[in-house]
Amino acid sequence: MVRANGAVSLRELARVVQTSEVTVRRDVRALEAEGLLDRRHGGAVLPGGFTRESGFPQKSHLATAEKTAIADLAAGLVEEGEAIVVGAGTTTQELARRLARVPGLTVVTNSLLVAQALAHANRVEVVMTGGTLRGSNYALVGSGAEQSLQGLRVSKAFLSGSGLTAERGLSTSNMLSASVDRALVQAAAEVVVLADHSKLGTDTMFQTVPTDVITRLVTDESPAHDDRAATELQALADQGVQIAVAGASGGGTGSGSGTSGVSGGDAVARQQRRDVPLPGPRRQVPGAGLRSAAALGEQGGGAERARVADLRRR
């Protein structure tokens, strides 16, 4: 299955071979010892180390339930009339599908998949960057993408990546993708990282967002035996990252109902979630002063600038 898809989740393996995830994890460990694959939290990939990056077809098969739950919870952080940026990735694609229900939203993105998910949302305006297409993840990268983001200012950036650690923050395996993600971060007053538990404690080659710039992490509930993910979450919280944990079935960490069909702040209220409290004041985000949103014209006017300033004060 790994040779066919490039990556596979432990949950899917257990389902196919009709055994427990504990048994599958033991077998995957043995296969790794033979050099046939590399283990990742929650799954396994073809060998390749720091520089290997799975393409979209491979990533789309990993942690699908977890990504759905994360997207449900993250959508509740977006309010009507906001201007946001959404980066490339399979988790952000899931988020975009839910954002189609938020009226008056403006979404800036370098992802063709995100744009496609919002293409028929008549109440959402989509602004795409320029750049060169990366076929492996359907994202626009390069100097054209970065230059089109200059002068842009939005309230939030939603990003995913290949790995997340408290020491280095969010990282990815591709230099061009990392560079565009850094440009997206510079355009936002707040940075929200979407990462399932399998990415916690994983470090890849290129840093995209340092830990002290991450405002919030939206993730899923890690298995009870996954001490590494729990340790990483605590370390991130200790550094001031607000953490929201969603249930893998879209129903939160408890028995509450999912947020399907709900947009805006109501989704957060209905989603059962566990927040790790902010332990101290956040460090100022570099370049967080209010700048001209040239790519969006003067959309939002004074009210939008006042609202963003209020977000920054809080």
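Source: prediction; values computed, not measured.
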pair [X]-[Y]: side-chain heavy atoms closer than 4.5 Å:
{"X": "Leu37", "Y": "Val28", "result": "yes"}
{"X": "Val245", "Y": "Asp220", "result": "no"}
{"X": "Leu170", "Y": "Gln207", "result": "no"}
{"X": "Val85", "Y": "Thr109", "result": "no"}
{"X": "Val141", "Y": "Ser179", "result": "no"}
{"X": "Leu140", "Y": "Leu133", "result": "yes"}
{"X": "Thr90", "Y": "Lys67", "result": "yes"}
{"X": "Ile214", "Y": "Val192", "result": "no"}

Between Glu21 and Arg26, does the salt bridge (Lys or Arg N to Asp or Glu O under 4.0 Å) criterion hold? Intermediate values first, please.
CA-CA 9 Å; Glu21 288 190 34; Arg26 182 189 62 208; over 6 Å; no
On a heavy-atom basis, which atom in [X] and which in [Y] lie closest, and how many Å separate them?
{"X": "Thr202", "Y": "Ser162", "value": "CG2-O, 4.0 Å"}
{"X": "Ala117", "Y": "Ala100", "value": "O-CB, 4.4 Å"}
{"X": "Arg168", "Y": "Phe206", "value": "NH2-C, 4.0 Å"}
{"X": "Thr219", "Y": "Asp196", "value": "OG1-C, 3.7 Å"}
{"X": "Leu95", "Y": "Ala71", "value": "N-CB, 3.6 Å"}
{"X": "Leu184", "Y": "Gly87", "value": "CD1-CA, 3.8 Å"}

To the nearest 0.5 angstrom, please state how far the [atom1] atom of [X] sits from the [atom2] atom of [Y].
{"X": "Leu113", "Y": "Tyr138", "atom1": "CG", "atom2": "OH", "value": "7.0 Å"}
{"X": "Leu176", "Y": "Thr172", "atom1": "CG", "atom2": "OG1", "value": "10.5 Å"}
{"X": "Leu112", "Y": "Gln93", "atom1": "CG", "atom2": "CD", "value": "10.5 Å"}
{"X": "Asp238", "Y": "Thr211", "atom1": "CG", "atom2": "OG1", "value": "11.5 Å"}
{"X": "Thr91", "Y": "Phe158", "atom1": "OG1", "atom2": "CZ", "value": "13.0 Å"}

So, the side chain of [X] versus the backbone of [Y]: is there a donor-acceptor pair under 3.5 Å, distance only?
{"X": "Glu232", "Y": "Ala166", "result": "yes"}
{"X": "Thr92", "Y": "Gly89", "result": "yes"}
{"X": "Thr23", "Y": "Thr19", "result": "no"}
{"X": "Arg228", "Y": "Gly201", "result": "yes"}

How about CD on Glu32, more than 12 heavy atoms from neighbouring residues, nucleotides or ligands closer than 6.0 Å, or not?
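Yes, enclosed.
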Ionic contact status for Glu82 with Lys156, cut-off 4.0 Å:
yes
Under 4.0 Å between a Lys/Arg side-chain N and an Asp/Glu carboxylate O for Glu94 and Arg97?
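Looking at Arg97 together with Glu94, the answer is yes, because their closest N to O distance falls below 4.0 Å.
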Would you say Val16 ends up clustered with Val24 if hydrophobic residues are merged whenever their side chains have heavy atoms under 4.5 Å apart, either directly or through other cluster members?
yes
Cluster overlap Val17 with Leu31, hydrophobic side-chain contacts below 4.5 Å:
yes
Check step by step if side-chain contact (heavy atoms from CB on, under 4.5 Å) holds for Val86 and Leu99.
CA-CA 11 Å; Val86 179; Leu99 295 181; 4.2 Å; yes
So Arg101 and Arg98, side-chain contact (heavy atoms from CB on, under 4.5 Å) or not? Walk me through it.
CA-CA 6 Å; Arg101 299 186 289 265; Arg98 287 145 183 83; 3.5 Å; yes
Let me know which of Val191, Asp212, Leu217 forms a side chain to side chain contact (heavy atoms under 4.5 Å, CB included) with Val241.
Leu217
So, applying side chain to side chain donor-acceptor pair (under 3.5 Å) with Glu66, which one of Arg11, His197, Lys199 is it?
Arg11
As a test of understanding, state which of Asp181, Thr208, Thr204, Thr165 forms a side chain to side chain donor-acceptor pair (under 3.5 Å) with Ser171.
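With Ser171 as partner, Asp181, Thr208, Thr204, Thr165 yield a single side chain to side chain donor-acceptor pair (under 3.5 Å), made by Thr204.
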Check the pair Thr106 / Val124 against side-chain contact (heavy atoms from CB on, under 4.5 Å), numbers first and verdict last.
CA-CA 6 Å; Thr106 300; Val124 178; over 6 Å; no
All side-chain contact (heavy atoms from CB on, under 4.5 Å) counterparts of Ala88, not counting sequence neighbours:
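side-chain contact (heavy atoms from CB on, under 4.5 Å) list for Ala88, sorted by chain: Asn110, Ser111, Asn137, Ala139.
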Please walk me through it: do Thr129 and Leu149 pass side-chain contact (heavy atoms from CB on, under 4.5 Å)?
CA-CA 7 Å; Thr129 69; Leu149 293 165; 3.8 Å; yes
